[in-house]
Enquirer: 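I have a structure here, written as structure tokens, and I will follow up with some questions on it.
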Amino acid sequence: MLEKEAPHLLEKRETKERREGLPELNNATKGKVVLRFAPNPNGPLSFGHARGLVINSTFRAMYDGEFILRFDDTDTKVKPPMLEAYAQIQEETEWLTGRKPDRVIIASDRMDVYYQRAREMLSQEFGYVCQCPAEVFKEHRVTKTECPCRNRSTQSNIELWEAMLDGQFQPGDVVVRVKTDMTLKNPALRDWPALRLQDTTSHPHPRQNIGSKYVVWPLLDFQSAVEDQAQGVTHIIRGKDLMDSTRKQTLLYQHFGWTYPETMYWGRVKVHEWGGFSTSQMRKDIETGTYGGWDDPRLPTLGALRERGITSEALRGFWLELGITQKDISVPLATLYAHNTKSVDDTAPRLSFLRNSNVFELQGEDIPGNLELATHPNHPSMGTRTWNLETGTILLEESDCHQNKVRLKEFADIALHGGIARFQGLQRSDKRPIVHWLPDGCGGPATLIETANGVIHRTDGYLEHHEHPIGTIVQLERIGYAKILDDKTLIVCHEAKSEGA
RNA sequence: GCUCGUAUAGUGUAGUGGCCCAUCAUGAAGGACUCUCAUUCCUUCGACCCGGGUUCAAAUCCCGGUACGAGCACCA
């Protein structure tokens, strides 16, 4: 009896173990999973985009599948694409996921595919050209009534379609709709628009070979649905704001006789310290000079985070930990910083940096000529740095100079009097505070950049000499992690905790 | 208004009827280690939205309420 139950209990016990990482995908076969992430290249990637990249690319790895990066650049007016973003997004994707996407698709290169499907839709009578003004159709949608255009003949639909392509209409005059059902419970799904006109003469597409070539453009729901089918996408994981997109697209798939991919959604994420940022708004603020550029450290772009020393590993850990719940959440940056500390501490060389340094003359007997310090306290293999004491003068941070007795870290006890630092022996003799310091001549002027509450602060100071290459993330002792931007500038990785937040 | 979705510690997250007086992380507080206010380690704090129902048994299923979010664009 007990033996009978034992295996059962054991099995159950295992399922209760805390799940590590992402959950399983429904209907997924190893080697046959195709995922995609489809940003609009109207600017470089931001923090939020990282979620789509991390989640989708991690599933790709889990199932040994394929990952597609797709540029949904089908709006030239409301969210005009930015030419430089195409290359930048690809580069950032590779940085973040550690791998090139298996395929890169640009929607504006695929217009013939969308046109072909639109034509099929019209000739197979599950789409129609609608000439109702937006306001009028809205009325139909609300009252669940069909608009007169809905019963147009196939012949007439095709003719109007040709006229659209031919430029015989103005944007706003005409649109191609998917025939669903005007009595559908969900108003969002009622005869939704699939393609519309754009004035690409006054708003040309920034890609040279596209420019003003097309006036008829697919809308997201149509373009995305058709492209997912064309690429054989098996699983779509995206924000839950696109849940109705799934429903719209499923209706389209039914018309075409296709099977819609498996879908999963994540909720909205807000970061306490950032509020709402939109790519369009950032673009404006950069143009007006509010921000210095896309990698301005105050901005939540991937470029900015990377620039100030947030590693791709930390970003991955952060998003994987949030997973794919549909809950709307608000997270503090401290969570991201905790991941970053983990990813960075083990390899960050230690350096001394003095903000507002004061000079003291070091006096006393038996003072050694130089000093050897570990580059990293836990890793002797990272080598040592040597400080020469022969100038006889040392520097301390101003804020550490108000005490009479301090211990110079890794060196000696001293007593401070006026401009004199009296050497009191190498041994630590009491519990006096330990401060970081530098011998004069062992460093040079440098600036530390830090952002706090949306303001950039620059602190001039005295930085220990080093030979770490630009881009190295170091730890400034007693200050925090910082990234080397050039030979005289560093930027703080994790902004200080803001009080009262 | 209509439609859809979500509700577990301060913040995130695990948990799909008994292993749960609930997991892990982060945070806060305390401590150990350390010649950094770093790292590492230990301890403590702290939660199943509310009300009904089903059941021997509910965080887990059902109904209602409440709260929050999203969609209803010729944006993505």
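Residue numbers begin at 1 in each chain, while the letters A, B, ... track the order of the sequences. Just so we're clear, the structure is a prediction, and the values are computed from it rather than from any experiment.
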Enquirer: Within the 4.0 Å heavy-atom criterion, would you say Leu197(A) contacts the bases, only the backbone, or no part of the nucleic acid?
Expert: nothing

Enquirer: RNA chain B: Tyr481(A) or Leu426(A), which has the more 5' nearest nucleotide?
Expert: Leu426(A)

Enquirer: Classify the nucleic acid contact of Ser224(A) as base, sugar-phosphate or nothing, counting any heavy atom under 4.0 Å across all strands shown.
Expert: nothing

Enquirer: Looking at Asp430(A), I'd like to know if its CG atom is crowded, meaning that more than 12 non-hydrogen atoms belonging to other residues, nucleotides or ligands lie closer than 6.0 Å.
Expert: yes

Enquirer: Please classify the nucleic acid contact of Glu410(A) as base, sugar-phosphate, or nothing, using heavy-atom distances under 4.0 Å.
Expert: base

Enquirer: Using the six-membered ring wherever Trp is involved, compare the ring planes of Tyr86(A) and His205(A) and label them parallel, tilted or perpendicular (cut-offs 30° and 60°).
Expert: tilted

Enquirer: At under 4.0 Å between heavy atoms, what does Lys342(A) touch on the DNA or RNA strands: base, sugar-phosphate, or nothing?
Expert: sugar-phosphate

Enquirer: When both hydrogen-bonding distances must be under 3.5 Å and the geometry is Watson-Crick or G-U wobble, what is G51(B) paired with, if anything?
Expert: C63(B)

Enquirer: Which is true for Thr74(A) with a 4.0 Å heavy-atom rule: it touches a base, it touches only sugar-phosphate, or it touches nothing?
Expert: sugar-phosphate

Enquirer: Side chain of Thr263(A), backbone of Ile236(A): donor and acceptor closer than 3.5 Å?
Expert: no

Enquirer: What does Arg350(A) touch in the nucleic acid at a heavy-atom separation under 4.0 angstrom: a base, only the sugar-phosphate, or nothing?
Expert: base

Enquirer: Can you give one letter per nucleotide of nucleotides 66-72 of chain B, going 5' to 3': B for a protein heavy atom under 4.0 Å from the base, S for sugar-phosphate only, - for none?
Expert: ---SSBB

Enquirer: Would you kindly compare Ile329(A) and Ile479(A) by the position of their nearest RNA chain B nucleotide and give the one closer to the 5′ end?
Expert: Ile329(A)

Enquirer: Which is true for Leu408(A) with a 4.0 Å heavy-atom rule: it touches a base, it touches only sugar-phosphate, or it touches nothing?
Expert: base

Enquirer: What's Thr325(A) touching, base or sugar-phosphate or nothing? Going by heavy atoms closer than 4.0 Å.
Expert: sugar-phosphate

Enquirer: Once you apply a heavy-atom cut-off of 4.0 Å, does Pro39(A) come out as touching a base, just sugar-phosphate, or nothing?
Expert: nothing

Enquirer: Looking for any heavy atom pair under 4.0 Å, which part of the strands does Glu321(A) touch: base, sugar-phosphate only, or nothing?
Expert: sugar-phosphate

Enquirer: For the rings on Trp161(A) and Tyr115(A), is their centre-to-centre separation under 6.0 Å?
Expert: yes

Enquirer: Please work out if Asn378(A) contacts a base, only the sugar-phosphate, or nothing of the nucleic acid, heavy-atom cut-off 4.0 Å.
Expert: base

Enquirer: Using the rule ring pair (Phe, Tyr, Trp, His ring centres under 6.0 Å), only one of Phe411(A), Tyr462(A), Phe353(A) pairs with Trp437(A); which is it?
Expert: Phe411(A)

Enquirer: Look at the side chain of Arg190(A) and decide which nucleotide, out of G12(B), C2(B), C74(B), has an atom nearest to it.
Expert: C2(B)

Enquirer: Under 4.0 Å, counting only non-hydrogen atoms across every strand here, what does Pro81(A) touch: a base, just sugar-phosphate, or nothing?
Expert: nothing

Enquirer: Under 4.0 Å between any heavy atoms, over every strand shown, what does Gly323(A) touch: base, sugar-phosphate, or nothing? Just pick one.
Expert: nothing

Enquirer: Have a look at Lys185(A) and say if it touches a base, only the backbone sugar-phosphate, or nothing, with a 4.0 Å heavy-atom cut-off.
Expert: sugar-phosphate

